[in-house]
Amino acid sequence: MQFDTVVAGGQVVTAADTFRADVGIIDGRIACLAQGLAGSAAKVIDATDRLVLPGGIDAHCHLDQQSPAGINHADDFLSGTRSAVAGGTTTIIPFANQRHGQPLRLAVDAYREKAEKAVIDYAFHLILCDPNAGVIGQELPSLIEEGYTSFKVFMAYDSLHVSDRQILELMDLSRRERTLVMIHAENHDCCEWLTEKLLAEGRTEPRYHAVAHGDPVEREATYRAIALAEVAGAQVLIVHVSSGNAMREIAAAQQRGIPVLAETCPQYLFLSEADMDRPGFEGAKFICSPPPRERGNQELIWRGIQTGVFQVFSSDHAPYRFEGTGGKGRHGHDAAFNRIANGVPGLATRLPLLFSAGVRQGRISLQRFVEITATNPAKIYGLYPRKGSIAVGADADLAIWDPGRKVMIRKEMLHDNMDYTPYEGMEVEGWPVITMSRGEVVCADGQVTAERGRGRFLPCDRIQEMKAWL
Ligand code: URP
Ligand code: ZN
Ligand code: ZN
């Protein structure tokens with residue numbers, strides 16, 4: 001067999017195994033896994049002393065969206081996907097965001113056009129803020145056929161949140177059509193009531209965001225989302241779980257055999273509410289919803305990753321710059337916490353942070369790392385086996401890691417369009433030194449070489465039965 005490229009001499013890592021093999025690539029796909037392939041290749045990439053992992057799948061990131069308050073994200077599909085490859089990610093699943101009264105089809109078409117600049121492959125979740133009878137009865141069934149099989153709804157946020165009744169209708173459709181409802185679990189009335197109370201008391205600094213979006217607010221909504229899924233007989237995935245107490249609700253439901261999946265994110269392992277209490281307006285950089293909790297909570301989230309409560313680890317990249325008219329500080333550096341855009345960036349830092357503190361510091365195995373950052377997202381969202389593993393026939397999406405490389409995270413190396421990273425100055429051990437998408441090197445030694453627009457849309461299959469996973 002003659003290969004276009006062979007990745008030679010590395011340790012191949014999948015969610016199941018680690019083994020020594022060369023990876024032979026033809027036409028962007030993995031054609032052979034065996035030793036001694038380098039002699040039959042047009043191009044050889046030396047992976048001696050390196051780990052060869054499936055490229056990461058970031059199943060929760062926001063690009064080129066507008067916040068509910070009308071602030072634009074700093075990253076579009078070009079800067080966002082360039083940043084993704086710099087951190088070893090080769091597939092993203094961002095959101096096409098419906099606006100009130102807008103036909104879903106218009107939102108999908110608009111986001112498909114925005115995504116034409118992407119440098120890596122992408123699928124889409126749909127954000128539904130107005131799941132009316134037309135959306136549920138007509139629009140969704142035809143979009144599902146076209147490969148949009150996961151839908152996010154919000155239980156909080158002024159212009160986004162939907163009622164329990166609407167969630168039930170959507171879950172009912174999801175059960176019939178074998179799709180997945182993703183839930184942003186925070187109690188809207190609690191957030192609103194707490195916010196008004198805090199503002200009336202003059203408690204306006206960034207740190208009060210953590211109070212207005214406190215732990216019980218997330219726990220109640222998580223419990224309710226699970227109960228709604230039970231009522232509707234549907235599978236559900238709770239996104240960006242931050243609180244150990246919300247996680248316990250999920251674990252308890254999983255133990256009862258309820259098909260509840262869950263995702264967590266770097267901000268809940270590496271940031272804490274103390275960051276929102278940094279001097280001046282600095283705390284604004286760490287505001288996201290749900291917020292990072294007290295430091296002790298981080299260990300609970302690690303336990304959830306270790307014990308399988310969480311199936312997915314995503315960035316929830318929601319990039320609002322710090323400075324400038326479109327940034328977190330657009331209302332001035334004394335703006336009240338509820339006027340600061342919610343979200344932190346993380347496309348490039350998601351994998352190195354978890355690899356370093358998880359794999360290198362002995363909290364999780366390499367297999368678990370691959371599972372929650374690539375294989376599970378591919379399986380859950382209907383992209384497997386094309387994406388998410390290293391197997392003959394799969395797309396040659398690879399991240400070649402130097403497991404011992406020590407790197408200090410600095411904003412300049414992340415290739416996004418942000419003016420800060422919440423992880424500035426953190427030291428990590430292990431870095432993806434080469435990223436390949438469909439057999440092409442798209443980033444090497446920090447240089448992004450991918451051509452604008454080379455990414456392709458990935459239609460997602462219907463969702464599998466998840467009970468067996470729990
Ligand atoms: O604060 C966050 N997470 N912003 C992004 C939107 C969302 O809720 O995922
Ligand atoms: Zn959310
Ligand atoms: Zn999000």
Side-chain angles (χ1 to χ4, degrees), residues 59-60 93 95-98 100 104 124-157 160-190 217-241 245-263 290 309-312 376-377 379-382 460-470:
H60 184 157
I93 318 183
F95 295 83
N97 187 11
Q98 181 196 23
H100 264 283
L104 209 43
F124 274 107
H125 311 292
L126 308 182
I127 289 179
L128 305 178
C129 63
D130 188 12
N132 54 47
V135 167
I136 302 261
Q138 284 121 45
E139 288 209 274
L140 277 180
S142 86
L143 286 164
I144 291 165
E145 290 299 326
E146 293 170 36
Y148 304 92
T149 58
S150 44
F151 318 117
K152 182 178 176 190
V153 285
F154 287 76
M155 296 171 95
Y157 280 136
L160 285 173
H161 78 283
V162 298
S163 69
D164 291 355
R165 171 72 190 236
Q166 287 174 309
I167 294 175
L168 283 169
E169 301 287 2
L170 186 61
M171 285 178 164
D172 191 40
L173 171 90
S174 253
R175 179 185 47 74
R176 290 195 312 268
E177 292 277 0
R178 288 196 295 112
T179 56
L180 189 63
V181 179
M182 306 159 73
I183 305 252
H184 177 123
E186 291 186 290
N187 179 313
H188 179 70
D189 285 334
C190 288
V217 172
E218 183 183 3
R219 178 161 43 89
E220 185 283 329
T222 303
Y223 177 81
R224 184 156 39 98
I226 294 166
L228 295 175
E230 277 188 82
V231 169
Q235 306 188 129
V236 68
L237 186 141
I238 314 291
V239 293
H240 48 47
V241 176
N245 286 323
M247 188 189 93
R248 282 195 192 102
E249 297 293 347
I250 294 164
Q254 290 170 344
Q255 274 154 23
R256 286 190 289 127
I258 313 294
V260 184
L261 304 180
E263 167 200 81
V309 180
F310 296 113
Q311 292 75 32
V312 190
N376 280 356
K379 287 183 174 172
I380 289 171
Y381 294 112
C460 294
D461 293 336
R462 282 181 157 76
I463 307 299
Q464 302 300 308
E465 174 80 54
M466 297 294 171
K467 259 197 176 147
W469 288 46
L470 305 175

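All figures in this text were calculated on a predicted structure; none of them were measured in a lab.
- Applying the side-chain contact (heavy atoms from CB on, under 4.5 Å) rule to D189 yields the partners N187, E192; only residues at least two apart in sequence or on another chain are considered.
- Annotation: the span from F310 atom CZ to M247 atom CE amounts to 5.5 Å, rounded to 0.5 Å.
- With sequence neighbours excluded, the residues that form a side-chain hydrogen bond (donor to acceptor under 3.5 Å, both in side chains) with Y148 are R112.
- Sorted by first and then second residue, the pairs that involve residues 142-151 and meet salt bridge (charged side-chain N to carboxylate O under 4.0 Å, His left out), not counting sequence neighbours, are R105-E146, E145-R462.
- We find the CG-CG distance between N97 and L104 to be 10.0 Å, quoted to the nearest 0.5 Å.
- Under the ring pair (Phe, Tyr, Trp, His ring centres under 6.0 Å) criterion, H161 pairs with H188, sequence neighbours left out.
- Applying the side-chain contact (heavy atoms from CB on, under 4.5 Å) rule to A246 yields the partners E218, T222, V241, S243; only residues at least two apart in sequence or on another chain are considered.
- Evaluation of the salt bridge (charged side-chain N to carboxylate O under 4.0 Å, His left out) test over residues 125-141, restricted to residues two or more places apart or in two chains, returns none.
- Closest approach of E177 and P141 over heavy atoms only: OE2-CB, 4.0 Å.
- The CE atom of M182 sits 10.0 Å away from atom CG of L126, with the distance rounded to the nearest 0.5 Å.
- Scanning both residues, A221 and A185, for their nearest heavy atoms gives CB-C, 3.4 Å.
- With a 4.5 Å cut-off on side-chain heavy atoms, L180 and T149 do not count as touching.
- Shown here are the side-chain hydrogen bond (donor to acceptor under 3.5 Å, both in side chains) partners of Q138, two or more places apart in sequence or in another chain: there are none.
- For the pair I167 and M155, the minimum side-chain heavy-atom distance is below 4.5 Å.
- Legend: residues meeting side-chain hydrogen bond (donor to acceptor under 3.5 Å, both in side chains) with H184, ordered by chain and number and at least two apart, are E186, H240.
- At least one side-chain heavy atom of P131 sits less than 4.5 Å from a side-chain heavy atom of V162.
- For the pair L173 and E169, the minimum side-chain heavy-atom distance is 4.5 Å or more.
- Note that CG of D461 and OH of Y381 are 14.5 Å apart. Values are rounded to the nearest 0.5 Å.
- For residues 249-260, every residue pair satisfying the salt bridge (charged side-chain N to carboxylate O under 4.0 Å, His left out) rule, not counting sequence neighbours, is listed here: E230-R256.
- Atoms CG and CG, from L160 and L128 in turn, are 10.5 Å apart once rounded to the nearest 0.5 Å.
- I127 is not listed as a side-chain neighbour of Q98, based on a closest heavy-atom distance of 4.5 Å or more.
- Nearest heavy atom pair, residue D172 against residue A232, reads N-CB, 4.3 Å.
- Using a 4.5 Å cut-off on side-chain heavy atoms (C-beta onward), V153 and Q166 make no contact.
- Qualifying side-chain contact (heavy atoms from CB on, under 4.5 Å) partners for S174, counting only residues two or more places apart in sequence or in other chains: F151, T179, V181.
- Going from atom CG of L170 over to atom NZ of K152 covers 13.5 Å, rounded to the nearest 0.5 Å.
- For the side-chain contact (heavy atoms from CB on, under 4.5 Å) test, residues two or more places apart in sequence or in another chain that qualify with A251 are V309.
- Remark: R224 engages D164, E220 in a side-chain hydrogen bond (donor to acceptor under 3.5 Å, both in side chains) (not counting sequence neighbours).
- Each of V260, L237, L261 was evaluated against Q311; a single residue qualifies, L261, per the side chain to side chain contact (heavy atoms under 4.5 Å, CB included) test.
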